[in-house]
There are 2 protein chains.
Amino acid sequence: MAEKAGVSPATVSRVSRGSTQVSPELRDRVLRVIEEHGYRPSHFGRALAEKRHGALGLVFPGLSGPYFSELIQGFESEALETGDQVFLLASHYRADTDAKVLDLAARVDGMAIHAGTVSEAAVEEVARQIRVVIMAGEAGPAQASVSTDNSTVGDLTRHLIVDHGYRRLAFVGHPEGSPDVTARWLAFLAAHREAGVEPPADPVRLGLAQSDGAIAARMLLDEGRPPEAVVCANDETALGLTLGALGRGLRVPEDIAITGFDDMPMAALVRPGLTTVRQPVRELATTTARLLHAPLTQKDGDTVLDTEPVLRGSCGCPDGATRPTARTGGDG
Amino acid sequence: MAEKAGVSPATVSRVSRGSTQVSPELRDRVLRVIEEHGYRPSHFGRALAEKRHGALGLVFPGLSGPYFSELIQGFESEALETGDQVFLLASHYRADTDAKVLDLAARVDGMAIHAGTVSEAAVEEVARQIRVVIMAGEAGPAQASVSTDNSTVGDLTRHLIVDHGYRRLAFVGHPEGSPDVTARWLAFLAAHREAGVEPPADPVRLGLAQSDGAIAARMLLDEGRPPEAVVCANDETALGLTLGALGRGLRVPEDIAITGFDDMPMAALVRPGLTTVRQPVRELATTTARLLHAPLTQKDGDTVLDTEPVLRGSCGCPDGATRPTARTGGDG
DNA sequence: TTGTAAGCGTTATCAG
DNA sequence: CTGATAACGCTTACAA
């Protein structure tokens, strides 16, 4: 094709990739023809010859809000550094996700999979072909993972019980839905046990979208005896719940205290400010991308990033962040 | 590779693509070996030979909320029908988007580009190589486009002025940010002109995320004289604004009326219900994907899908949808 | 029905 | 510094 420039394909290849092994004159001539014909090297040709795609895959459940947005941006910016293209695949919790993931695996050099989006079997299968890192969950025996510390939900729960004296708490989130929510629910339960307070028998099993928070409001507030405080699995549901509470004429935190998880931008913007847990989503993403770039060592292991509580007005604190009561170490 | 099954590559190819031209016995033997070795045909080999990727690209600005989620799901489900894989590319409004789009263009057979994400020049360049359809904006001379009717914002504005008697309205949205918002702002202005009411000199120029609505609340409510009604460019900002208003102790719609655009699930779940405009996002996406599958005819043209107002409580209507005052046809 | 061989666009190796 | 030539893994005539 570009040999219409009167040179060999090898020379075109060298020029198009900026090799120094070409004489200035020839380079110029080739560049001119490339320009004229709007030539772009074929990715399949290149991939076939190099046995690599120059691309990474990122698989996640859906696009509900800032968490994934931040995750994706972080991942992409890191991949940019290493010159990798990123292909996004949103599962939407659909049944055909496994097939799509397998297909994607044939087009990329490595894949980051958000926990809870793909079946165990598919993850194993993909890991047999290319590098895999699990985000926000634990890796199987063969892959690496990066996640954040969910136990801070326990600190927050203890804060609600010990510092504010709430006794009837609720938890909004679906523990079976993702490792993150599982861990948060368990931390919520553990804090109750530790404080000698009876936890609710069940969580309010809903998703992580803001609309789920609005539904939670209906379930918790339109009946008999609302809880004094609600620990939500993430900020989005917390804000949905807040909207529901305020819309019903309730005051936050006087009538009902609410906490979230993520510390998304809205958390600081609403009134009262949302008490939550800050997790380093961007670092989660960049760490994952970095791991994916180099061949994984036998066991890169499970990296767990730190998180920290952020106390604002919605739990009953004055609207300015402080730290919650430190864990006492006792059994309560 | 799979010829270790003792057959020719041609036979493997035939079997792996389900050709009928193979004897049952051979087919079984090959299938067994394929299974054993976990063989998957290489995409570059296939793409190289077939001169197609079996994939479509979808480029959009970011992932803030239900609009893009719905858009992507619709697009993917349609692509699934035609057996195409979908590659997502989020621009995040970054400068290097053009380069990524060009790269993506080399890996897919067609590309849907959401308006306002990619430079004109890059769109032209991509369109020279593969099929391109613009979403939520007008196509250049060479490509097709699919968008929705934004003029309904004018109907909503007229409703606020004529039916509810509001005189001091505000508009939240950045008209220069996207064709959609441009059209909505212009419709807002036109309705004022038509009704003989003075519109605000400028819109509140903010983005489309919920946090932008919260910022709008600060700008509009924390000072002298708040507007009586606010028309927001989309539901997310409307909800952010609502949250801000309620959090400040204001009542909606008594103290301030608020409208949105999209009719996302939250709109019906909040109290009061959010008055908004329903647009067929899913149809927008499926139509685009369908157009992309077949070679575009010389001018598939600009498809515009219908939208309709949805009146709920946040504008002052009783919380149950009705239709707004019909356009009179006069010049006001 | 099955195998052989050419070709897809690139890179890498090796001569010249 | 440059050009042949052989891969790369697959599909598709064409031949057997």
Rounded off to whole Å, could you give me the [atom1]-to-[atom2] distance for the [X] and [N] pair?
X: Phe44(B); N: dC10(D); atom1: CZ; atom2: P; result: 9 Å
X: His43(B); N: dC10(D); atom1: NE2; atom2: C1'; result: 12 Å
X: Arg107(A); N: dC10(D); atom1: CZ; atom2: C1'; result: 14 Å
X: Leu48(A); N: dT11(D); atom1: CG; atom2: P; result: 12 Å
X: Arg52(A); N: dG9(D); atom1: CZ; atom2: C1'; result: 18 Å
X: Arg14(B); N: dC14(D); atom1: CZ; atom2: P; result: 14 Å
X: Glu50(A); N: dG9(C); atom1: CD; atom2: C1'; result: 12 Å

At 4.0 Å (heavy atoms only), tell me whether Ser13(A) reaches a base, stays on the sugar-phosphate, or touches nothing.
base
Do the non-hydrogen side-chain atoms of Leu58(B) and Met135(B) ever get within less than 4.5 Å of each other?
yes
Side-chain N or O of [X] closer than 4.0 Å to phosphate OP1/OP2 of [N]:
X: Thr11(B); N: dT2(C); value: no
X: Ser23(B); N: dT2(C); value: yes
X: Arg40(B); N: dC10(D); value: no
X: Lys51(A); N: dG9(D); value: yes
X: Ser8(B); N: dG3(C); value: yes
X: Arg46(A); N: dG9(C); value: no
X: Arg17(A); N: dT11(C); value: yes

What is the minimum heavy-atom distance between Asp109(A) and Ile130(A), and which atoms define it?
O-CB, 3.5 Å
Which heavy-atom pair separates Arg107(B) from Gly54(A) by the least distance, and what is that distance?
NH2-O, 3.7 Å
Which is more 5' along DNA chain C, the nucleotide nearest Leu26(B) or the one nearest Ala49(B)? Just name the residue.
Leu26(B)
Under 3.5 Å, sequence neighbours excluded: what are the donor-acceptor pairs made by side chains of residues 45-52 of chain A?
none

Ignoring hydrogens and angles, state whether a donor on the side chain of Asp84(A) or Thr82(A) is under 3.5 Å from an acceptor on the partner side chain.
yes
